[in-house]
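Atom set for the values below is all heavy atoms of this structure, side chains included, hydrogens, waters and symmetry mates excluded. For the single chain, residues carry numbers from 1 onward in sequence order.
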Amino acid sequence: MANGVDPVFGVNLRDLMSDNGVVFNYGNEIDENDDDRFKFDPHANFTDDELLKFINLEISDDEQDEDDDDDDDAGDDRDNDDSKKCKATLLPGLNFDKIKEKISNLCDDGKIKKLILQRGVGNIIPENSLVTVKYSGYLEGQDSPFDSTYHRNSVSYFRLSDGELILGLDLSIQSMRKHEVSLFLINPDLAYGEIGCWPTIPGNSEVMFIVQLIDYNDNSEIDDFNLLDPGNRKVFLKIEKSIKQLLITGANNYQRGQVKFAINDYKRAIDRLENSHLDNDEEEKRYNCLLSRAYQNLAVCYNKENKLRKACIACNNVTNKTAKTYFHFGRALIKMGEFQEAIAKLNLGLKIDPHNKEMTKELDLADKLQRWNLIIQQNIQSSCSNMAKLSSDAKNKEYRKIASELCDNFINNNNIMRGPFPNEIDPMLRDIIRKIALLKGIKVTSIEKDGEINFYLEKSNYQ
C-alpha cells in the first residue's frame with residue numbers, strides 16, 4: 001500500500017524510494033502514530049539560508065574570479081581545494097550553475113559533483129556501511145529543501161548499497177569520511193530520472209544534497225566470516241571480531257526501530273558463538289562476556305516485541321547476569337502475570353545495583369499488581385460463595401457482570417499481556433469468563449504449575 005504524504009510538510013527519502021510508491025495528500029491527514037524521525041515539522045523556523053550558513057557553505061561572485069584559474073585542476077584532489085570554506089552569502093533561490101563553478105567532479109562522467117565543506121577523519125567509509133547522517137535536499141531555484149533532517153531536528157539511518165537511497169546519493173555518501181560535511185550535485189540519471197516524483201520533484205531534475213556524516217558502522221568483519229573456510233568458522237579467535245560487529249549492528253538496528261533485524265543479528269551472534277571452539281581460559285572468559293551481551297540484548301528486543309517467554313529464556317541463558325538482566329527478566333515476568341517471580345528477580349537486581357531507580361520503580365509496579373490481583377481473586381471467590389444459593393438464571397446474570405468487569409479491567413491494564421484469574425471458583429463462572437473473553441478478543445489458557453492447573457487471560461498479541 002502506498003504511503004500517504006502531505007507535500008505541504010515535505011517528503012523524505014524513504015517515502016520517495018518506497019517500492020509501494022507515494023500518494024500525496026493535501027491537508028492535515030497525518031498519522032499520529034508515524035515515527036517522529038520521519039515527520040516534517042511545519043512549525044520549524046530554520047530557513048535554508050540559516051542552514052547553509054550553519055554548515056559554512058558560502059558562495060559569491062566576488063570569489064569566482066579568484067578561482068577561475070584553478071578550474072582546470074579542480075578534479076585533481078577533492079580533499080584539498082574543495083575543503084576550503086567560501087566566505088560570502090548564498091542568495092535565496094539556488095543557482096546550480098554558480099555552485100558548479102566552485103565544485104569538482106566526483107565521477108568521471110560528471111554526473112555527481114562534490115564540494116567538501118568540512119573535512120572528515122579517518123578513511124573513506126566502506127560501501128556497505130550503516131550510516132548515521134543529517135542531510136537536506138534541494139531543487140534548483142528554490143531556497144527551501146524538499147526534504148531535511150535539520151527541519152525535523154533528527155538524524156536518519158541508511159544501509160549503503162542496499163537500495164534505500166537514490167543511487168547518486170548512495171555513491172556520494174560512499175565518498176565521505178566520518179564527521180565530514182559535503183555538498184553534492186546529482187544528475188537526474190542518478191537521482192529521480194525522467195519521471196521525477198510528482199508534484200515535489202519534477203522530471204529530469206538535478207538535485208543538490210548537503211550531507212553531514214555523523215557516524216557509520218563497518219560490516220566488513222561480518223562479511224569476513226563468510227570468507228572463512230568451514231573449519232575456521234568454529235574457531236573463536238577467528239570469529240571474535242565478527243561477533244563484536246554483529247552486536248554493534250544489532251544495537252544500531254534496535255536504535256533505529258528495526259527490532260526484528262536486531263533480533264536476527266543477536267541470534268546469528270549466539271549461533272556462531274555456541275558453535276565455536278575455545279582453546280584456553282582467557283578465550284572462555286571473553287566468550288562468556290560476548291554470549292551474555294548477546295542474550296541480554298536479545299531479551300531486551302523480545303520484551304520490546306512482547307515475546308515474553310522468549311525474553312525469559314534469553315535472560316536465563318545469560319551467564320554473567322547483571323542488574324540489567326534481572327530488570328528485563330522482571331519486566332517480562334510482570335507482563336506475563338507472574339508477579340511473585342518478577343519480584344524475586346527484581347530483588348536480585350537491586351542487590352547488584354541498590355540505587356537503581358528504574359529497578360525500584362519496576363519492583364513497586366510488580367508489588368502493586370500482585371496486591372491488585374489478590375484483591376480481585378478474593379472478591380470473585382467471595383462473590384461465588386455469596387451466590388451459591390441463587391438460581392441458575394440469577395447466577396448467570398451476576399456472573400456475566402463479574403466476567404465482563406474482569407475482562408475490561410484486564411484489557412485496560414497496559415502493564416500486563418497475561419493475567420491470572422482464580423482457580424477455585426464456580427465452574428459456571430469460569431465458563432462464562434471464557435465466553436465473555438472470547439467476545440472481547442481475549443484468549444483463556446490453562447497451564448499446569450506446581451501440580452495444579454492455573455488459568456490465565458491473554459491478550460491477542462501475547463507471545
Taking everything shown except [X] itself, do over 12 heavy atoms lie less than 6.0 Å from its [atom1]?
X	atom1	result
Ile195	CD1	no
Phe261	CZ	no
Asp108	CG	no

Going by salt bridge (charged side-chain N to carboxylate O under 4.0 Å, His left out), name the pairs with one or both residues in [range], residues two or more places apart or in two chains.
range	value
residues 275-295	Glu240-Arg286, Glu282-Arg286
residues 318-347	Arg331-Glu362, Glu338-Arg418, Glu338-Lys449, Glu341-Lys449
residues 302-313	Lys260-Glu305

Can you name the residues that form a salt bridge (charged side-chain N to carboxylate O under 4.0 Å, His left out) with [X], not counting sequence neighbours?
X	result
Asp364	none
Lys443	Glu458
Lys100	Glu206
Lys134	none

Which residues satisfy the side chain to side chain contact (heavy atoms under 4.5 Å, CB included) test with [X], sequence neighbours excluded?
X	answer
Asn123	none
Ala251	Tyr266
Asp271	Asn275

Grab the two heavy atoms, one from Tyr326 and one from Leu346, that are nearest each other, plus how far apart they are.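 That would be O-CD2, 3.9 Å.
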To check you understand the geometry: which heavy-atom pair defines the closest contact between Ala366 and Ile334, and what is its length?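 Closest pair (atom of Ala366, atom of Ile334, distance): CB-CD1, 3.7 Å.
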Describe, in one word, how the ring planes of Phe158 and Tyr135 are oriented to each other, choosing from parallel (under 30°), tilted (30 to 60°) and perpendicular (over 60°).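 Judged by the thresholds at 30° and 60°, the geometry between Phe158 and Tyr135 is tilted.
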Going through the distances and angles, do Asp170 and Ile166 end up as a side chain to side chain contact (heavy atoms under 4.5 Å, CB included)? CA-CA 6 Å; Asp170 197 306; Ile166 58 172; over 6 Å; no
Quick one: side chain to side chain donor-acceptor pair (under 3.5 Å) partners of Asn297, sequence neighbours excluded?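 Side chain to side chain donor-acceptor pair (under 3.5 Å) check on Asn297 returns nothing, list empty.
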With sequence neighbours excluded, tell me which residues meet side chain to side chain donor-acceptor pair (under 3.5 Å) with Asn232.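 If we apply the side chain to side chain donor-acceptor pair (under 3.5 Å) test to Asn232, skipping adjacent residues, the hits are Asp229.
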Cationic tip of Lys113 within the cone over Phe184's six-membered ring, i.e. under 6.0 Å and within 45° of the normal?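 Cation-pi check for Lys113 and Phe184: fails.
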Between Ser242 and Arg272, is any pair of side-chain heavy atoms under 4.5 Å apart?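 In contact.
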